[in-house]
Amino acid sequence: MADLYFSGITGTLDTGAIIDKLMQIKQQPLTALIQKKALLQAKVSSLTNLYGALNDIQNFFSNLNISSIFNTKKATSSDTTVLEATATSDTPNLTMNITVNKLAQTEMRASTQGLSSLTGTFSSSGTLTLKYWTDDLNYLTYNINYSAGQTLQDLVNSINSAQNNIKASVYYTGSDYRLLLTEANPANSKKETNTATSSYVIEATGMPVELGSLDSPIQNAQNASITIGNSTTPVTSPTNTFSGLLTGLNITVNKTGSATLTVSEDYSQITATLNSFANYYNSVISLVNSMTAKGAQFQGEAAVTTIKTGFVNLLNPLISAGLINYSDKDGTISINTDALQSLQSSNPDKLKNIITTIKNSFSTALTGWTSSIKTYEGMEESQINSIDDKISSMQEYLAKYEERLRQEYARLESFISQMNQISNRLQDFMTTLSEMTKGGKK
């Protein structure tokens with residue numbers, strides 16, 4: 001257990017204040033070290049941010065697929081309320097007029113009879129056989145068992161759990177509850193309803209006697225149909241989407257009518273790519289500006305200032321082509337959209353070569369810069385570790401020094417106390433002696 005010290009016991013000296021003052025003087029080198037460490041930590045933090053910004057732009061170039069952004073197509077509809085489309089890089093450039101003759105729709109058939117209430121039950125048992133035609137020649141069958149005492153909802157649940165092509169539900173006519181059967185997905189069948197020949201997509205036999213049979217469709221099944229240009233042969237689809245109409249071209253029709261569809265190069269990704277590059281570039285420049293400003297921590301530090309000059313030099317291909325606006329005030333850039341659109345339309349190969357040059361030159365330079373900043377950061381961290389060791393050693397020394405001071409001042413107070421006691425006794429003796437001397441004269 002450490003010794004306890006009490007200052008000012010004799011009332012003669014304020015030893016606590018004296019020790020505190022001595023410690024403050026002794027701690028000045030420690031304070032200086034702590035301040036130096038804080039400055040180094042701030043520098044490391046700035047270097048970490050700069051490294052992150054450089055790493056971001058390096059990753060941007062690593063992930064940049066230049067061929068991909070120059071090899072995209074877009075499909076443009078003159079009336080998107082009639083039709084919309086998507087294209088891939090393999091779709092040929094073209095313009096064509098398309099007429100939407102009809103939209104796809106699913107068949108809906110209800111039972112001819114129904115139950116008077118939802119709680120009404122069937123009077124007999126049996127097997128309902130559903131037939132679902134996938135085209136004019138092929139069909140699937142599903143057998144659904146039902147029992148006396150079951151409700152219409154029980155039958156609906158059995159149908160829906162047994163298969164996925166026909167969706168059953170309860171249909172209330174206003175006077176009774178009937179079974180409604182609907183195509184679950186129009187894409188599953190190419191067959192169309194033909195009431196003239198009693199040709200349906202959904203058929204049913206063996207229904208509960210309370211439901212009768214299936215009536216004529218509430219809604220006929222029909223395929224979507226479009227006509228391209230002057231063709232006399234319409235193109236059909238069971239859904240409102242025509243997939244692979246041409247290589248990579250998908251069309252979705254929204255209503256009947258006509259629209260012009262144009263497939264052409266899509267340069268939007270090039271613009272987006274260069275804007276992203278400008279953002280990454282400006283992030284680095286802004287950081288360098290703040291780190292090397294007058295009075296800033298890295299003012300005049302070549303490892304940081306050369307990054308900015310190096311960045312500017314690498315911009316030459318873009319500057320020469322007039323593709324960027326350069327700020328003489330702070331060195332940031334923005335994309336000259338008009339010049340970019342002009343070049344990508346007139347000479348996309350030249351633009352591709354410029355972006356390729358920028359990517360290659362920056363990628364090479366960034367490898368060196370990130371390595372340099374990382375090394376710089378490591379040196380500063382090494383200094384911080386060294387300072388930590390000195391601080392630890394100095395704190396240990398100061399603790400011992402303070403302990404020694406307290407012991408010495410404690411002994412000093414003890415000595416002063418003894419001297420005071422001796423002085424008091426001498427004073428008392430002198431007083432007694434003086435009184436005795438006065439008594440003898442009397």
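Here the structure is a predicted model, which is why all the values come from computation and not from measurement.
Note that CG of Leu115 and CG of Leu179 are 10.0 Å apart. Values are rounded to the nearest 0.5 Å.
Salt bridge status for Asp266 with Lys73: absent, with no side-chain N to carboxylate O gap under 4.0 Å. Salt-bridge annotation for Lys37 and Asp388: present, with a side-chain N of the basic residue lying under 4.0 Å from a carboxylate O of the acidic one.
Inter-residue side-chain proximity for Gln299 and Thr292 is flagged as unmet; no heavy-atom pair is nearer than 4.5 Å. Residues Ile270 and Leu351 form a side-chain contact, since some pair of their non-hydrogen atoms from C-beta on lies under 4.5 Å apart.
No donor-acceptor contact under 3.5 angstrom links the side chains of Thr112 and Asp215, judged on distance only. With no hydrogens or angles considered, a side-chain donor-acceptor pair links Thr119 and Ser117 at under 3.5 Å. For the residue pair Glu84/Asn254, the side-chain donor-acceptor check at 3.5 Å is satisfied.
Checked against side chain to side chain donor-acceptor pair (under 3.5 Å), Ser372 has no partners two or more places apart in sequence or in another chain. Listed by chain and number, the residues in a side chain to side chain donor-acceptor pair (under 3.5 Å) with Trp133 are Glu203 (sequence neighbours excluded). For Asp79, the salt bridge (charged side-chain N to carboxylate O under 4.0 Å, His left out) criterion is met by no residue, not counting sequence neighbours. Checked against side chain to side chain donor-acceptor pair (under 3.5 Å), Thr260 has the following partners two or more places apart in sequence or in another chain: Asn97. Among residues two or more places apart in sequence or in another chain, the side chain to side chain contact (heavy atoms under 4.5 Å, CB included) test is passed with Thr86 by Asn250. By the salt bridge (charged side-chain N to carboxylate O under 4.0 Å, His left out) test, Lys359 is found to be paired with no residue, residues two or more places apart in sequence or in another chain being considered. Considering only residues two or more places apart in sequence or on other chains, Thr121 meets the side chain to side chain donor-acceptor pair (under 3.5 Å) condition with none of them. Residues passing the ring pair (Phe, Tyr, Trp, His ring centres under 6.0 Å) test with Phe362 are Phe61, Phe277, Phe311, sequence neighbours excluded. Taking the salt bridge (charged side-chain N to carboxylate O under 4.0 Å, His left out) definition, one finds that Lys374 meets it with Glu377, sequence neighbours left out.
Evaluation of the side chain to side chain donor-acceptor pair (under 3.5 Å) test over residues 277-289, restricted to residues two or more places apart or in two chains, returns Asn289-Lys308. For residues 159-188, the pairs satisfying side chain to side chain donor-acceptor pair (under 3.5 Å) are Tyr132-Glu183, Tyr142-Asn165, Asn165-Asn188, Thr173-Ser175, Thr173-Asp176, Asp176-Arg178, with sequence neighbours left out.
Within a 6.0 Å sphere centred on NZ of Lys190, heavy atoms belonging to other residues, nucleotides or ligands number 12 at most. With a 6.0 Å radius and a threshold of 12 heavy atoms from other residues, nucleotides or ligands, Met96 has its CE atom above the threshold.
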Given the rule in the side chain to side chain contact (heavy atoms under 4.5 Å, CB included) test, do Val288 and Leu50 qualify, once you have shown the distances and angles that lead to the verdict? CA-CA 7 Å; Val288 172; Leu50 179 58; 3.9 Å; yes

Stepwise side chain to side chain donor-acceptor pair (under 3.5 Å) check, Ser199 with Asn194: CA-CA 5 Å; Ser199 177; Asn194 188 338; over 6 Å; no

Steps toward side chain to side chain contact (heavy atoms under 4.5 Å, CB included) verdict (Leu323, Leu343): CA-CA 9 Å; Leu323 295 177; Leu343 184 59; 4.0 Å; yes

Under 3.5 Å, which donor-acceptor pairs do the side chains of residues 147-156 form with other protein atoms, sequence neighbours left out?
| unit_1 | atom_1 | unit_2 | atom_2 | d |
| --- | --- | --- | --- | --- |
| Gln150 | OE1 | Ser147 | N | 3.0 |
| Thr151 | OG1 | Gln153 | N | 3.4 |
| Thr151 | OG1 | Asp154 | N | 3.2 |
| Thr151 | OG1 | Asp154 | OD2 | 3.2 |
| Gln153 | NE2 | Asn157 | OD1 | 2.9 |
| Asp154 | OD2 | Thr151 | N | 2.9 |

